[in-house]
Amino acid sequence: MKTRLRIALVGMVLPVALLVAWHVAASRPGEVVFPRLASVWHVVAHPTEKPETIDAPSLAFSAKTSLLRIAIGYVLAAGLAIPLGLLMGRLRIAHEVMAPLTTMLRVVCPIAWLPAAIVVIGAASLAEHIWGPGQAWQHETLEEVQPAMVLIIAWGAFFPILLASSSGARSVRNALLETAWLTGMGRTGRFFCVTLPYALPSIVNGMRIGLGISWMVIVAAELYPGTRSGLGYTIWVSHDTVQYEYTFAAIAYIMLIGLILDGGLWSLERRVSHWQAVQR
Amino acid sequence: MTESAFSFRQIHKTFVARSGESVPALDGFCCEGQVGDITCLVGPTGCGKTTLLRMAAGLESPDSGSVAVNGRAPGQCRGELAYVPQQHTLFPWLRLRDNVSFPLKVKGTRRRERHRGADALLDQVGLGGRARLYPHECSGGMQQRVMLARQLAAGAKNWLLDEPFSSLDERTRYALQDLLLELRRRQGLSALFVTHGIEEAVYLADRVVVMSPGPGRDVETIGLDLTHPRDRLSAGFSALVERVRRRIDTLILGPNTLGVG
């Protein structure tokens, strides 16, 4: 417990130092870029209030919209990348077929695909796709989720998860697979009882990286034409109108949500990789 | 005529290195292990002992020649063979109980039943009360005991052991050797045991197959007629060890050598 407290305190040193530096910078006369901490805190502490000075919904609604976009994109990415990565890791032919293409695609910044995604998928929201343009307005949150944007987020998260799954599956000790084979276990059993548990720490690590990239991508993706909410959108709108307390409040929310989600995955990673730390 | 548990006939095997170079491993190896016997394979490093065990397990195939386990191809004996390699192959994410009960899981035994069985086997190998540990929380000796318990759970009658006790301290090694002999006595298992230790071979085996330096072939089979249980401290045992050691040295290094111990 004492160690945990010590780690937490040590971890707080830099953020507190940063806040002090910010306070000093914001106290300079005529300072525009750095708003006072108190005004940022006011926005952060009242997330349901609709901003009066910028054309954006409340931070709570924006956070909900961004989270939903990320959730859909991320689940889509993980749902595709994990099985494909495992396949690439275990089947040489799958690796040979997919590796050159994935190497070429993953070096392209996800945002570069946004114009193409709009052309191919269109600018309509998910609500419009599901319920049609006439009924879409009744589904406030889903009307803010554009499939093209979700695709870009999925794109960002896809490759780290794919590579981590593939590398995890490839690193399975052959002796363990042989042991399972010798017990009479079939191919499917060996996959679920040996390959998957062995690759899981690597997969979860890839998921953590993918989640971080999703949050990086969303700020740019929420520049998408027709977007009316989202933390990224709030950042851009408040920047245009020089209302930086909203900019920093939205950034603070991204950091907080990112910290919580990453914390969840970190704890999952610890659970599934407890045996790896000792083996290393 | 006694039935063969393991049979190798004219086994040839050559591996190809990454550089494309051919590395011959076995050159016409022949040997038979009888049902209920422990046969030790002794030979210098690189003579193909591990390759032979892997062939008997169905994990490698010979380039030419035939391998049979109880008269059948090794691939048809999955689930009936116990293979204990040099390095433990316990599943690191599973507790000892789940590692031991793994073969029972494959057979579809119900969870409660297989856990009960695993606990009893862990008890049998002297690890009662350690069922909830993970492999990395165990010493090398404990890990080897768990390996033995897992093979017992599989109920295999034919055991392939590749220097399973080589990395253990003397006391643990003796305890596990006695455990193996006890299992042989109670369950009538047949074993092919690879070792570099002449004393270990003489203590465990009914016969010792001496292999030539690689590419390996059988040069002689030495029958050990000392009755079990053998007493390591007896004069007869020491004399037998010395006789076998001298014979192996002569076979491998030639008649005018001082021996390699």
Side-chain angles (χ1 to χ4, degrees), chain A residues 82 85-86 89-90 92 95-96 99 164-208 265-280, chain B residues 50 53-60 69 74-96 98-109 114 132-139 143 146-147 150-156 158-162 164:
Chain A
I82 294 172
L86 291 171
R90 292 313 309 168
R92 186 186 291 237
H95 185 265
E96 283 169 357
S165 307
S166 162
S167 146
R170 213 172 23 250
S171 66
V172 179
R173 262 183 77 199
N174 217 27
L176 298 183
L177 289 167
E178 286 176 353
T179 300
W181 182 83
L182 279 167
T183 60
M185 190 173 249
R187 192 183 283 266
T188 315
R190 292 202 297 279
F191 176 79
F192 284 106
C193 293
V194 183
T195 305
L196 198 57
Y198 201 97
L200 213 50
S202 179
I203 295 173
V204 178
N205 188 262
M207 286 171 70
R208 279 183 75 188
L265 281 177
W266 176 75
S267 113
L268 177 66
E269 192 182 0
R270 271 172 64 98
R271 266 179 86 91
V272 298
S273 67
H274 64 96
W275 53 274
Q276 265 198 335
V278 196
Q279 290 223 323
R280 278 195 292 268
Chain B
T50 298
L53 285 202
R54 288 178 59 80
M55 281 178 184
L59 300 171
E60 298 276 358
V69 179
Q76 295 171 358
C77 303
R78 282 169 62 194
E80 302 166 27
L81 274 167
Y83 177 49
V84 184
Q86 288 175 40
Q87 300 291 323
H88 84 80
T89 55
L90 299 173
F91 300 108
W93 56 90
L94 295 181
R95 296 179 192 278
L96 299 190
D98 297 314
N99 261 294
V100 172
S101 62
F102 193 84
L104 301 175
K105 186 181 177 182
V106 177
K107 285 177 184 164
T109 312
R114 64 174 192 256
R132 290 181 60 77
L133 293 182
Y134 286 96
H136 63 257
E137 294 167 332
C138 300
S139 66
Q143 287 168 348
V146 181
M147 291 281 286
R150 184 167 69 188
Q151 305 304 351
L152 287 172
N158 297 301
W159 286 51
L160 303 160
L161 301 113
D162 191 357

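Lettering follows sequence order; numbering is per chain, from 1. The figures that follow rest on heavy atoms only: side chains count, while hydrogens, waters and symmetry mates do not.
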Asker: Measuring heavy-atom distances to chain A, does B:K105 have an atom under 4.5 Å in its side chain, in its backbone, in both, or in neither?
Answerer: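 Contact with chain A involves the side chain of B:K105 alone.
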
Asker: Heavy-atom pairs under 4.5 Å with chain A are the metric here; pick the option from B:R150, B:E80, B:Q87, B:E137 that has the most.
Answerer: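 Among B:R150, B:E80, B:Q87, B:E137, the one with the most close pairs to chain A is B:R150.
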
Asker: A:R271 versus chain B, heavy atoms under 4.5 Å apart: side chain, backbone, both or neither?
Answerer: neither

Asker: Does A:M185 offer a backbone N or O that forms a donor-acceptor pair with the side chain of B:R78 under 3.5 Å?
Answerer: yes

Asker: Please list, chain by chain and in numerical order, all residues satisfying ring pair (Phe, Tyr, Trp, His ring centres under 6.0 Å) with B:Y83, sequence neighbours excluded.
Answerer: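 Once residues adjacent in sequence are excluded, B:Y83 has no partner under the ring pair (Phe, Tyr, Trp, His ring centres under 6.0 Å) criterion.
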
Asker: Show your working on side chain to side chain contact (heavy atoms under 4.5 Å, CB included) between A:C193 and B:F102 and close with a plain yes or no.
Answerer: CA-CA 10 Å; A:C193 293; B:F102 193 84; 4.2 Å; yes

Asker: Just verifying a value: how many Å separate B:W93 CH2 and A:W275 CH2, rounded to the nearest 0.5 Å?
Answerer: 6.0 Å

Asker: Quick one: side chain to side chain donor-acceptor pair (under 3.5 Å) pairs with a partner in residues 178-189 of chain A, sequence neighbours left out?
Answerer: A:E178-B:R54, A:T179-B:T89

Asker: Heavy-atom cut-off 4.5 Å, strictly under: side chain, backbone, both or neither for B:A57 against chain A?
Answerer: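 Answer is both: backbone and side chain atoms of B:A57 are under 4.5 Å from chain A.
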
Asker: Considering only heavy atoms, which portion of A:V272 lies under 4.5 Å from any heavy atom of chain B: side chain, backbone, both, or neither?
Answerer: neither

Asker: List the atom of A:L176, the atom of B:P92, and the distance in Å for their closest heavy-atom pair.
Answerer: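 Heavy atoms of A:L176 and B:P92 come nearest at CD1-CD, 4.0 Å.
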
